[in-house]
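The next block holds one structure in the form of structure tokens; read it before the comments.
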There are 2 protein chains.
Amino acid sequence: MTTSTEENYLKAIYHLSTGNQNSVLTSAIAGSLSTSSASVTDMIKKLSEKNMVEYERYHGVRITRKGEKVALSIIRRHRLWEVFLMDKLKFKWDEVHDLAEELEHVSSDELTKRLDAFLGFPKFDPHGDPIPDTNGKVHSNGQVLLSEITKKGKYILSGVNDHSPSFLQYLEKKGLIPGSTFSIVEMDEFDNSMQIIFSNKKSIFISKEVSKNLLVRSHE
Amino acid sequence: MTTSTEENYLKAIYHLSTGNQNSVLTSAIAGSLSTSSASVTDMIKKLSEKNMVEYERYHGVRITRKGEKVALSIIRRHRLWEVFLMDKLKFKWDEVHDLAEELEHVSSDELTKRLDAFLGFPKFDPHGDPIPDTNGKVHSNGQVLLSEITKKGKYILSGVNDHSPSFLQYLEKKGLIPGSTFSIVEMDEFDNSMQIIFSNKKSIFISKEVSKNLLVRSHE
DNA sequence: TAAATAATTTAGACTTGTCTAAAAATATTA
DNA sequence: TAATATTTTTAGACAAGTCTAAATTATTTA
Ligand SMILES: [Mn+2]
Ligand SMILES: [Mn+2]
Ligand SMILES: [Mn+2]
Ligand SMILES: [Mn+2]
């Protein structure tokens with residue numbers, strides 16, 4: 001059995017693990033969960049005891065396959081609830097995250113299974129993030145950070161890395177929601193900003209701050 | 001703010017309060033929550049501090065209007081989730097209670113409001129219990145315990161007082177689900193058992209043990 | 001490579017909710 | 001009404017999760 005606190009730690013460690021091979025540092029976990037490093041150390045010991053992470057003191061943790069499976073099942077629930085809240089209850093995409101943070105801890109595989117079916121087996125959440133399948137497999141869909149793109153061309157916004165309401169509201173105001181297509185017109189070498197243009201000819205500037213939180217796929 | 005533990009205590013006290021004017025005894029709360037009397041005393045002090053109950057030591061508690069409002073809002077959520085689980089996710093009526101016990105603590109009035117609308121503003125839950133409205137008003141629908149009935153006649157099963165899966169499965173096997181109509185054929189003075197007959201001529205015996213957990217309304 | 005700085009862990013304390021066993025109050029019964 | 005039985009409360013302890021401040025360990029920098 002895992003408590004919801006343990007689940008939140010595992011989720012944070014999992015998210016901090018993806019993309020880099022290194023072990024996750026205490027301070028990174030503390031920052032991500034807005035808690036003290038001392039608390040993180042305590043919890044890490046507990047998770048290590050349960051073989052959810054491999055812990056080497058003073059050198060951070062690595063999530064184990066066992067811990068990863070727990071994390072992925074929570075992430076699966078989180079994203080399914082986000083789809084429910086948006087598709088069925090008509091919440092906006094910047095309102096669903098906090099509620100899903102609570103709902104994800106309702107522990108029933110049967111509930112998750114039926115919710116999945118009720119929603120029509122969605123593959124992505126409202127922010128464009130892939131929903132892990134029952135076996136914990138994530139269908140990475142070839143999306144890359146907009147800030148990593150080096151050549152101009154047509155792209156489609158497939159997801160975001162910052163889920164905060166303020167960022168999502170900012171994007172919506174600019175016309176950027178998952179599924180939006182645009183072309184890169186100009187890329188500035190100096191400050192890494194770029195200018196993009198939508199199919200309706202409207203054009204906007206995007207700073208590095210923003211583009212490093214946008215996931216895109218090549219379009220056409 | 002109330003913790004989910006506090007909410008569970010308030011719900012238990014509210015349920016033990018309805019129907020009798022007396023104060024609720026520590027042992028009754030302990031029994032209902034499967035906890036020790038010592039724990040109940042501790043929590044009662046805390047709830048009293050928050051003006052959720054009036055506490056006179058050694059003489060039990062009375063729930064205040066403030067505490068009652070909290071209890072009713074949790075009961076409202078519980079019953080709405082039960083409707084969701086049964087109507088939308090196709091759970092059976094004996095499977096929804098435990099899940100609703102968890103979901104009811106997800107704290108968002110906006111979520112409750114939208115869930116209510118999504119479900120089409122239901123007035124009763126799958127067990128026939130009335131769903132309190134936003135203001136905490138319960139529409140008592142003239143239902144009485146079958147065990148209290150004194151005259152034969154046609155009745156409709158409107159609800160149950162025992163929500164345990166085993167009891168609900170027993171009822172279903174006998175053909176008794178909310179909405180079932182039947183006539184009382186025979187009432188035994190000695191052991192308070194009764195014989196009822198359905199419209200399809202099938203007839204069954206009901207013991208006092210069972211009838212005191214069945215809520216009925218007069219039919220026609 | 002030794003001192004200074006930064007990160008991490010330990011020590012000790014606090015809160016919430018729980019328990020068992022003992023003490024106190026209430027209720028029962030003879 | 002006085003002894004007995006029952007219920008309730010208190011006392012003291014524990015687990016989970018958190019914190020601040022002090023002690024360690026690791027990393028930088030000179
Ligand atoms: Mn989210
Ligand atoms: Mn999401
Ligand atoms: Mn229920
Ligand atoms: Mn119910």
Side-chain angles (χ1 to χ4, degrees), chain A residues 1-14 16-17 20-63 67 70-71 74 101-102 104-107, chain B residues 1-14 16-17 20-63 67 70-71 74 101-102 104-107:
Chain A
M1 284 299 84
T2 52
T3 66
S4 36
T5 310
E6 288 171 341
E7 290 174 352
N8 284 334
Y9 273 90
L10 285 172
K11 217 169 33 130
I13 295 167
Y14 172 83
L16 291 166
S17 298
N20 70 337
Q21 202 63 4
N22 309 326
S23 40
V24 180
L25 299 178
T26 303
S27 51
I29 301 168
S32 152
L33 291 174
S34 302
T35 189
S36 72
S37 291
S39 303
V40 173
T41 303
D42 286 346
M43 179 55 86
I44 275 174
K45 285 178 186 164
K46 201 174 149 195
L47 292 173
S48 174
E49 207 59 47
K50 293 191 173 187
N51 297 310
M52 298 288 191
V53 298
E54 275 169 28
Y55 173 46
E56 195 186 346
R57 72 189 186 300
Y58 286 102
H59 292 88
V61 291
R62 267 197 171 72
I63 197 161
V70 174
I74 305 302
E101 282 297 317
E102 291 195 57
E104 70 188 6
H105 300 293
V106 175
S107 54
Chain B
M1 287 298 85
T2 52
T3 65
S4 36
T5 311
E6 288 171 342
E7 289 174 354
N8 285 334
Y9 271 90
L10 286 172
K11 217 168 36 129
I13 295 167
Y14 173 83
L16 292 167
S17 298
N20 71 339
Q21 202 63 4
N22 309 326
S23 39
V24 180
L25 298 178
T26 303
S27 50
I29 301 168
S32 152
L33 292 174
S34 300
T35 189
S36 73
S37 292
S39 302
V40 173
T41 302
D42 286 346
M43 180 54 87
I44 275 174
K45 284 178 186 164
K46 201 174 148 193
L47 291 174
S48 173
E49 207 59 48
K50 292 190 174 188
N51 297 310
M52 298 289 191
V53 298
E54 276 170 28
Y55 172 46
E56 195 186 347
R57 73 188 185 300
Y58 286 102
H59 292 88
V61 292
R62 267 198 169 73
I63 196 162
V70 174
I74 305 302
E101 282 297 317
E102 290 194 58
E104 70 189 4
H105 299 293
V106 175
S107 55

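Reminder, nothing fancy here: chain letters follow the sequence lines and each chain counts from 1. Because the structure is a prediction, the values reported are computed rather than measured.
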### Summary
Partner of A:Ser17 under side-chain contact (heavy atoms from CB on, under 4.5 Å), picked from A:Ile63, A:Val53, A:Val61, is A:Ile63

### Message
On the nucleotide C:dT16, are OP1 or OP2 found under 4.0 Å from the side-chain N or O atoms that B:Thr3 carries?
### Response
no

Residues 21-33 of chain A side chain polar contacts: donor-acceptor under 3.5 Å, at least two apart:
{"from": "A:Ser23", "atom 1": "OG", "to": "A:His59", "atom 2": "O", "distance (Å)": "3.1"}

### Task
Calculate the interatomic distance between B:Arg57 atom CZ and D:dA11 atom P; express it in whole Å.
12 Å

### Query
Contact class for A:Thr5 vs. all strands (heavy atom < 4.0 Å): base, sugar-phosphate, or nothing?
sugar-phosphate

### Message
By the 4.0 Å heavy-atom rule, please label B:Ser27 as base, sugar-phosphate, or nothing.
### Response
sugar-phosphate

### Task
Can you check whether any acceptor in the base of D:dT24 is under 3.5 Å from a donor in the side chain of A:Tyr58, or vice versa?
yes

### Separation of atom CG in B:Leu33 from atom P in C:dC19, rounded to whole Å
10 Å

### Any B:Lys45 side-chain nitrogen or oxygen under 4.0 Å from OP1 or OP2 of D:dT10
yes

### Task
To the nearest 0.5 Å, tell me how far A:Glu102 CD sits from B:Glu102 CD.
12.5 Å

### Task
Grab the CD1-P distance between B:Ile44 and C:dT18 for me, whole Å please.
12 Å

### Query
Picking from C:dT8, C:dC19, C:dT26, which would you name as closest to the side chain of B:His59?
C:dT26

### Message
Taking any heavy-atom pair under 4.0 Å as a contact, classify B:Ser39: base, sugar-phosphate, or nothing.
### Response
base

### Query
Starting at the 5' end of DNA chain D, which residue's closest nucleotide do you reach first, A:Thr35 or B:Ala38?
B:Ala38

### Message
Counting only side-chain heavy atoms from C-beta out, which of D:dT8, C:dT8, D:dT9 sits nearest to A:Thr26?
### Response
C:dT8

### Summary
Between CD1 of A:Ile29 and P of C:dA7 the distance, given in whole Å, is 15 Å

### Query
Whole Å only: how far is the NZ atom of A:Lys50 from the C1' atom of D:dA15?
12 Å

### Task
Starting from C1' on D:dT7, measure out to CD on B:Glu56 and report it in whole angstrom.
15 Å

### Summary
B:Tyr55 OH to C:dA25 P, in whole Å, measures 12 Å

### Query
Which listed nucleotide (D:dT8, C:dT18, D:dT20) is nearest to the side chain of B:Leu25?
D:dT8

#### Entry: Interatomic distance where CG belongs to A:Asp42 and P belongs to D:dA16 [whole Å]
12 Å

### Message
Looking only at the side chain of B:Ser37 (C-beta and beyond, no hydrogens), which of the listed nucleotides C:dT9, D:dC19, D:dT9 gets closest?
### Response
D:dT9

#### Entry: Inter-residue atom distance B:Asn8.CG - B:Met43.CE, 0.5 Å rounding
9.0 Å

### Query
Would you say A:Arg62 and A:Ile13 make side-chain contact, with heavy atoms under 4.5 Å?
no

### Query
Do the side-chain N or O atoms of A:Ser36 get closer than 4.0 angstrom to the phosphate oxygens (OP1, OP2) of D:dC19?
yes

